[in-house]
Amino acid sequence: MTVTLADVAARAQVSPATVSRVLNGNYPVAASTRERVLKAVDELDYVLNGPASALAAATSDLVGILVNDIADPFFGIMASAIQAEIGGPGGRAGGERLAVVCNTGGSPERELTYLTLLQRQRAAAVVLTGGAIEDAAHQAAMDAKVRKLADAGTRVVLCGRPPAPDTGAIALTFDNRGGGQELTEHLIGLGHRRLGYIAGPEERTTTRHRLEGHRAALAAHGIEEDPRWTVHGRYDRRSGYEATLELLRRDPSLTAVVAANDSVALGACAALRDSGLRIPEDVSVAGFDDLPFSIDAVPSLTTVRLPLAEAGARAGRIAMGREEAPPGGIASVRGELMVRGSSGVPRS
């Protein structure tokens with residue numbers, strides 16, 4: 001026999017309207033009353049009609065988390081931290097949320113499609129992680145989608161992504177320029193003057209910002225950048241390996257390689273070793289993000305630590321309305337330089 005809302009109300013000795021308020025979370029209810037209702041829900045194994053509830057309320061219990069590649073620790077760490085914050089108290093009916101991780105694979109079309117699907121499901125919140133695609137038409141389409149979501153009552157949070165003005169989205173941005181500049185400043189301070197740079201995909205905001213920081217450091221020290229010293233590729237180990245071989249072919253006198261992220265840096269280290277070069281005695285290597293494996297690399301990787309878990313957790317709390325949005329809807333998260341064994345004084 002199907003358990004009804006009225007059955008729950010009778011068991012909890014409250015009105016059906018009070019049960020509805022507790023389950024939808026759209027009206028303040030005394031803690032003791034809420035506890036009785038949730039206990040009755042558990043005892044009777046009552047299942048809320050999600051689609052009907054979503055139609056009656058402004059939003060559903062669905063939360064979308066958009067990532068570029070869930071297999072990449074950069075996104076996995078953030079997605080896990082976000083999901084940990086969106087559950088309800090005690091994990092009981094009426095408080096929890098269903099997290100759906102949407103893997104875009106870096107496709108602009110998939111990004112838009114997922115936002116459309118989440119809009120149709122009246123998602124309670126959407127968190128978009130990582131850098132944005134630098135294409136005017138796509139950005140305009142994204143802004144329009146985000147604006148529609150926000151206007152319909154969906155909380156939209158950008159985590160590690162540039163702000164989207166006039167859309168209603170909250171942005172927790174990473175200071176990729178500042179981190180990129182500090183990293184290169186460290187290498188220059190050690191005496192390096194011929195630095196190769198392995199950048200990410202050209203269409204990504206993260207790529208541009210980190211590269212701008214690197215170039216700002218070179219310019220501040222009067223180092224003229226040689227066009228041969230920059231190679232673009234994917235954010236993965238294989239790209240780092242291939243790009244490093246290309247940099248060495250272009251200029252064998254390079255004394256340092258700065259990588260777009262830590263995965264790329266691991267590939268760079270492998271290419272240098274296979275080329276008979278020592279790290280850091282012959283060539284220093286630096287990454288970005290401070291992913292978990294970075295400290296276990298041999299030698300351990302000099303990098304910029306981004307607080308991915310902390311930023312993801314904060315994005316989750318904001319998305320759930322459990323933390324106030326930052327002033328102006330934007331907060332910049334700065335990284336921390338982690339100096340380790342992969343960077344050293346250049347060879348004479």
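For the residue pair Leu190 and Gly344, the shortest heavy atom distance occurs at CD1-O, 3.6 Å. In terms of heavy-atom proximity, Ser342 sits nearest to Pro299 at CA-CG, 3.8 Å. Closest non-hydrogen pair, Glu202 versus Glu134, comes out as O-OE1, 4.4 Å. Contact record, Gly130 with Phe74: CA-CE2, 4.2 Å, taken as the closest heavy-atom pair. Residues Ile170 and Ala325 share a closest heavy-atom pair of CD1-CB, 3.6 Å. Residues Ala99 and Ile86 approach most closely at CB-CD1, 3.2 Å, considering heavy atoms.
Judged purely by distance below 3.5 Å, without hydrogens or angles, the side chains of Thr18 and Ser15 pair a donor atom with an acceptor atom. For Ser332 and Asp175, the side-chain atoms include no donor-acceptor pair closer than 3.5 Å. Checking Glu185 against His221 by side-chain atom types alone, a donor-acceptor pair falls below 3.5 Å. Side chain to side chain, Asp262 and Ser294 meet the donor-acceptor criterion of an N or O pair below 3.5 Å. Between the side chains of His138 and Glu109, no donor-acceptor pair is found at a separation under 3.5 Å. Between the side chains of Ser343 and His186, a donor-acceptor pair is found at a separation under 3.5 Å. Counting only N and O atoms by type, the side chains of Thr207 and Tyr235 include a donor and acceptor under 3.5 Å apart. Side-chain N/O atoms of Ser253 and Asp251 include a donor and acceptor closer than 3.5 Å. Judged by distance alone, the side chains of Asp135 and Gln139 never bring a donor and an acceptor atom under 3.5 Å apart.
Leu301 is listed as a side-chain neighbour of Val285, based on a closest heavy-atom distance under 4.5 Å. Taking the side chain as every heavy atom from C-beta outward, Leu211 and His232 approach each other to under 4.5 Å. Contact of the Leu62 side chain with the Val100 side chain is registered, since non-hydrogen atoms from C-beta on lie closer than 4.5 Å. In this structure the side chain of Gln181 never reaches within 4.5 angstrom of the side chain of Leu218, judged on heavy atoms. Looking at heavy atoms from C-beta onward, Leu118 lies in side-chain contact with Leu66 at the 4.5 angstrom threshold. When side chains are defined from C-beta on, Val63 does not count as touching Gln83, because their heavy atoms never get closer than 4.5 Å. Counting only heavy atoms from C-beta outward, the side chains of Val126 and Leu115 approach each other to under 4.5 Å. The side-chain heavy atoms of Leu128 and Val157, taken from C-beta on, include no pair separated by under 4.5 Å.
Rounding to the nearest 0.5 Å gives a distance of 9.0 Å between CG of Asp282 and CG of Leu272. Here Cys102 contributes atom SG and Ile65 contributes atom CD1; the two are 8.5 Å apart, rounded to the nearest 0.5 Å. In this structure, CG in Leu149 is found 8.0 Å from NZ in Lys145, a value given to the nearest 0.5 Å. Leu254 contributes atom CG, which lies 8.0 Å from atom CG of Leu195 (distance to the nearest 0.5 angstrom). One finds the CG atom of Asp61 at 13.5 Å from the CZ atom of Arg122 (value rounded to the nearest 0.5 Å). Taken to the nearest 0.5 Å, the CD atom of Glu310 stands 12.5 Å off from the CG atom of Leu172.
In this structure a side-chain-to-backbone donor-acceptor pair under 3.5 Å is missing from Arg11 to Ala40. Although no hydrogens or angles enter the test, the distance criterion places a donor-acceptor pair under 3.5 Å between the side chain of Arg210 and the main chain of Ala260. Listed for the Thr104 side chain is a donor-acceptor partner under 3.5 Å among the backbone atoms of Val67. The backbone N or O of Thr167 lies less than 3.5 Å from no partner atom in the side chain of Arg147, so there is not a single donor-acceptor pair. Asn103 contributes a side-chain N or O that, together with a main-chain N or O of Ile70, makes up a donor-acceptor pair within less than 3.5 Å. A donor-acceptor distance shorter than 3.5 angstrom exists from the side chain of Thr205 to the backbone of Ala132, with no hydrogens or angles considered. In terms of modelled atom types and a separation under 3.5 Å, the side chain of Thr303 and the main chain of Phe288 share a donor-acceptor contact. Listed for the Thr33 side chain is no donor-acceptor partner under 3.5 Å among the backbone atoms of Val29. With hydrogens and angles ignored, the 3.5 Å screen pairs a side-chain donor or acceptor of Ser275 with a backbone N or O of Ala271. Judged by distance alone, the side chain of Asp7 and the main-chain N or O of Thr4 form a donor-acceptor pair under 3.5 Å.
Both Leu187 and Val339 sit in one connected hydrophobic cluster of ILVMFWY residues. Membership requires side-chain heavy atoms under 4.5 Å apart, directly or through other members. Residues Val257 and Leu248 share a single hydrophobic cluster, defined by chaining ILVMFWY side chains whose heavy atoms lie under 4.5 Å apart. Under the 4.5 Å side-chain heavy-atom criterion for grouping Ile, Leu, Val, Met, Phe, Trp and Tyr, Leu183 is connected to Val333 within one hydrophobic cluster. By the rule that hydrophobic residues join a cluster once side-chain heavy atoms approach within less than 4.5 Å of another member, Val127 and Leu112 end up as members of separate clusters. Note on Leu44 and Leu38: same hydrophobic cluster, where clusters join Ile, Leu, Val, Met, Phe, Trp and Tyr whose side-chain heavy atoms are under 4.5 Å apart, directly or indirectly.
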Quiz item: So Gln119 and Thr154, side-chain hydrogen bond (donor to acceptor under 3.5 Å, both in side chains) or not? Walk me through it.
Solution: CA-CA 8 Å; Gln119 180 185 354; Thr154 298; over 6 Å; no

Exercise. Show your reasoning for whether salt bridge (Lys or Arg N to Asp or Glu O under 4.0 Å) applies to Arg97 and Glu85.
Key: CA-CA 10 Å; Arg97 296 288 186 269; Glu85 292 290 338; over 6 Å; no

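The environment of CZ in Arg238 is sparse: at most 12 heavy-atom neighbours from other residues, nucleotides or ligands sit within 6.0 Å. Crowding of Asp296 atom CG: a count of heavy atoms from other residues, nucleotides or ligands under 6.0 Å exceeding 12. In Leu117, the CG atom is crowded: over 12 heavy atoms of neighbouring residues, nucleotides or ligands sit closer than 6.0 Å. Gln13 CD: 12 or fewer foreign heavy atoms inside a 6.0 Å radius. Summarising the local packing, CD of Glu43 is surrounded by more than 12 heavy atoms from other residues, nucleotides or ligands at distances under 6.0 Å.
Taking Arg273 as the reference, Cys269, Ala270, Ile279 meet the side chain to side chain contact (heavy atoms under 4.5 Å, CB included) condition, with sequence neighbours excluded. In terms of the side chain to side chain donor-acceptor pair (under 3.5 Å) criterion, Arg204 has no residue partners (sequence neighbours excluded).
Residue Thr255 is tested with Arg193, His192, Arg347 for a side-chain hydrogen bond (donor to acceptor under 3.5 Å, both in side chains); the sole match is His192.
Looking at Lys39 and Glu35, no side-chain N of the basic residue comes within less than 4.0 Å of a carboxylate O on the acidic one, giving no salt bridge. Looking at Arg215 and Glu212, no side-chain N of the basic residue comes within less than 4.0 Å of a carboxylate O on the acidic one, giving no salt bridge. Ion pairing between a basic and an acidic side chain is recognised when a charged N comes within 4.0 Å of a carboxylate O; Asp289 and Arg305 show no such pairing. Between Asp72 and Arg234 there is no salt bridge, since no side-chain nitrogen of the basic residue lies less than 4.0 Å from a carboxylate oxygen of the acidic one.
Clustering of Ile, Leu, Val, Met, Phe, Trp and Tyr by side-chain heavy atoms under 4.5 Å joins Tyr241 with Leu245.
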